[in-house]
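What follows is a single structure, written as structure tokens, with notes after it.
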Amino acid sequence: MMQDLFQSPDYYQLDDLLTEEHKVVRTATRDWVKKEVSPIIEDAAQKAEFPKSIIKGLGEIGAFGPYIPVEYGGAGLDQISYGLIMQEIERGDSGVRSTASVQSSLVMYPIWKYGNEAQRKKYLPKLATGEWMGSFGLTEPDHGSNPGGMTTNFKDKGDYYLLNGAKLWISNAPFCDVAVVWAKNEEGRIHGLLVERGMEGFTTPETHNKWSLRASATGELIFQDVKIPKENLLPGKNGLGAPLGCLDSARYGIAWGAIGAAMDCYDTALRYAKERIQFGKPIAAYQLQQKKLAEMITEITKAQLLAYRLGQLKNENRATTAQISMAKRNNVDMAIKIAREARQVLGAMGITGEYSIMRHMMNLESVITYEGTHDIHLLITGMDITGISAFK
Ligand SMILES: Cc1cc2nc3c(=O)[nH]c(=O)nc-3n(C[C@H](O)[C@H](O)[C@H](O)COP(=O)(O)OP(=O)(O)OC[C@H]3O[C@@H](n4cnc5c(N)ncnc54)[C@H](O)[C@@H]3O)c2cc1C
């Protein structure tokens with residue numbers, strides 16, 4: 001990949017609204033991404049390998065559990081700092097952001113919110129440094145948008161629970177040390193279980209042949225009569241609302257993350273358009289290219305404002321699931337459209353790994369599907385404003 005020359009667009013002077021802490025966190029993450037992610041990410045994506053060498057650094061910059069209290073090893077930051085970290089990491093690559101999102105919002109969050117003190121002390125500090133990596137098993141082969149239909153189940157055997165079933169499309173699965181697994185008990189109630197690598201009957205085969213999120217490892221979680229110690233059940237919350245609460249937190253991070261991918265595509269296209277000469281002029285001088293670039297910065301600015309306001313509401317514990325859905329849906333859609341337009345600004349060069357745009361574009365095809373599809377988030381907004389569910 002060419003040298004990382006990224007300059008962040010801030011058309012509406014949003015920096016004025018950030019605290020010093022927000023700016024410090026963002027600068028530290030941006031610098032780290034330039035130094036540690038940009039030089040290696042294209043190669044990792046081409047080889048379809050998660051770059052494990054960056055795990056330690058992700059822990060050091062506070063990307064694992066940014067808002068988890070310091071006493072459990074987290075960074076103790078607010079929700080806007082969390083968002084800015086996700087934005088900067090996804091500016092580098094959506095797959096790396098996915099790893100950080102899963103660890104923070106889908107593994108550490110449920111242990112923090114629904115776990116007991118012993119579970120928090122055992123897992124959170126190790127997850128915060130990256131010494132342990134986690135995964136989140138909700139989706140099943142036959143239950144994606146409808147996770148409530150899951151068939152993974154556990155039975156109470158007196159001394160332990162017996163877990164059976166399978167999860168598919170699980171980020172970090174191939175190398176996770178612990179998986180937060182959602183399964184039904186004998187009454188059909190959903191609970192979270194902490195399943196550790198090494199437990200007999202638990203395997204995590206990798207899913208190959210992805211054209212998207214190639215630098216993120218995806219796999220299955222398979223449970224064949226796995227004996228789960230009783231202390232590994234998350235006691236604080238059950239029912240479908242428990243995993244959905246985690247998704248709220250992760251989707252919020254994605255709403256910010258997608259801005260990072262879009263900013264990188266826009267910044268690359270703007271620089272290229274000013275330098276590339278055709279018919280004796282930079283292509284940035286032609287109205288058609290200016291239209292593309294002007295619409296990109298307009299959409300990025302709108303998305304930044306949406307994310308910032310949502311961050312304020314999150315900080316005050318007032319953000320609703322439907323508000324988060326709207327931001328996730330809008331911002332990912334915005335980013336994927338910008339990636340497609342930016343790719344065209346670069347002509348043939350846009351399809352190469354010399355620039356990040358094509359990788360972002362392919363990555364965003366997963367981001368628009370996972371954590372609730374584009375359609376499902378629209379239905380959540382529809383249900384919220386009409387009071388009528390159109391899911392079934
Ligand atoms: C790279 C990657 C990583 C992932 N990581 C994780 C992870 O870590 N943990 C995890 O649990 N899951 C993960 N997922 C799974 C992801 O959350 C699901 O793919 C997603 O929820 C959609 O489910 P599905 O793919 O089965 O699609 P389906 O639910 O089969 O949907 C197919 C299509 O039908 C549409 N549709 C479905 N229901 C309706 C309806 N009621 N009305 C209208 N349209 C509808 C959808 O919008 C979609 O367009 C990951 C997925 C990918 C691609």
Side-chain angles (χ1 to χ4, degrees), residues 45 48-50 90 93-110 127 133-152 165-183 190 192-193 195 204-223 240 242-251 253-254 257-258 261 325 328-329 332-333 336 359-383 386 388-392:
E49 279 173 10
F50 171 69
E90 191 146 1
D93 188 76
S94 306
V96 179
R97 198 270 306 137
S98 299
T99 294
S101 284
V102 168
Q103 184 90 339
S104 300
S105 287
L106 301 182
V107 180
M108 296 177 75
Y109 177 89
L127 291 163
M133 292 301 292
S135 69
F136 174 89
L138 182 65
T139 305
E140 297 187 352
D142 293 330
H143 300 95
S145 298
N146 173 28
M150 70 174 67
T151 58
T152 299
K167 301 287 178 180
L168 186 65
W169 294 115
I170 308 305
S171 303
N172 300 356
F175 58 81
C176 71
D177 301 287
V178 59
V180 174
V181 176
W182 301 95
I190 295 171
L193 296 166
V195 183
T204 62
E206 183 157 1
T207 302
H208 296 288
N209 283 334
K210 291 183 298 165
W211 283 115
S212 174
L213 287 195
R214 287 170 64 81
S216 161
T218 314
E220 296 169 61
L221 303 174
I222 298 174
F223 317 105
L240 190 58
L244 294 186
C246 308
L247 293 177
D248 270 355
S249 179
R251 290 167 179 172
I254 294 171
S325 276
K328 190 269 183 184
R329 181 176 187 273
V332 178
D333 189 52
I336 207 166
R359 179 167 43 79
H360 282 307
M361 190 202 298
M362 295 196 297
N363 282 342
L364 289 162
E365 291 291 345
S366 287
V367 182
I368 204 164
T369 287
Y370 72 20
E371 304 265 359
T373 69
H374 189 65
D375 296 333
I376 293 296
H377 287 300
L378 181 102
L379 295 179
I380 292 172
T381 307
M383 183 169 70
T386 64
I388 306 165
S389 164
F391 286 92
K392 300 181 215 172

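Atoms within a ligand are numbered from 1 in the order they appear, just like the ligands themselves.
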- Message: One pair to check against side-chain contact (heavy atoms from CB on, under 4.5 Å): V195 and L221. What are the steps and the verdict?
- Response: CA-CA 10 Å; V195 183; L221 303 174; over 6 Å; no
- Query: Do we see a donor-acceptor contact under 3.5 Å between the side chains of Y370 and S98?
  - Reply: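 S98 and Y370 do have a side-chain donor-acceptor pair below 3.5 Å.
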- Are F391 and I380 close enough that some pair of their side-chain heavy atoms sits under 4.5 Å apart? yes
- Query: What distance do T381 atom OG1 and I376 atom CD1 have between them, rounded to the nearest 0.5 Å?
  - Reply: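 So the gap between those two atoms works out to 11.5 Å.
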- Task: State the SG-CZ distance between C246 and R251, to the nearest 0.5 angstrom.
- Result: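 Going from the SG atom of C246 to the CZ atom of R251 covers 10.5 Å.
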- Write down, by chain and number, every protein residue that brings a non-hydrogen atom to less than 4.0 Å from an atom of ligand 1.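 Its neighbours under 4.0 Å (heavy atoms only) are F136, L138, T139, G144, S145, W169, I170, S171, L213, S366, T369, Y370, E371, T373, D375, I376, L379, F391, given by chain and number.
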- Message: Using side-chain contact (heavy atoms from CB on, under 4.5 Å), reason through F223 and K167 one step at a time and then give a plain yes or no.
- Response: CA-CA 9 Å; F223 317 105; K167 301 287 178 180; 3.9 Å; yes
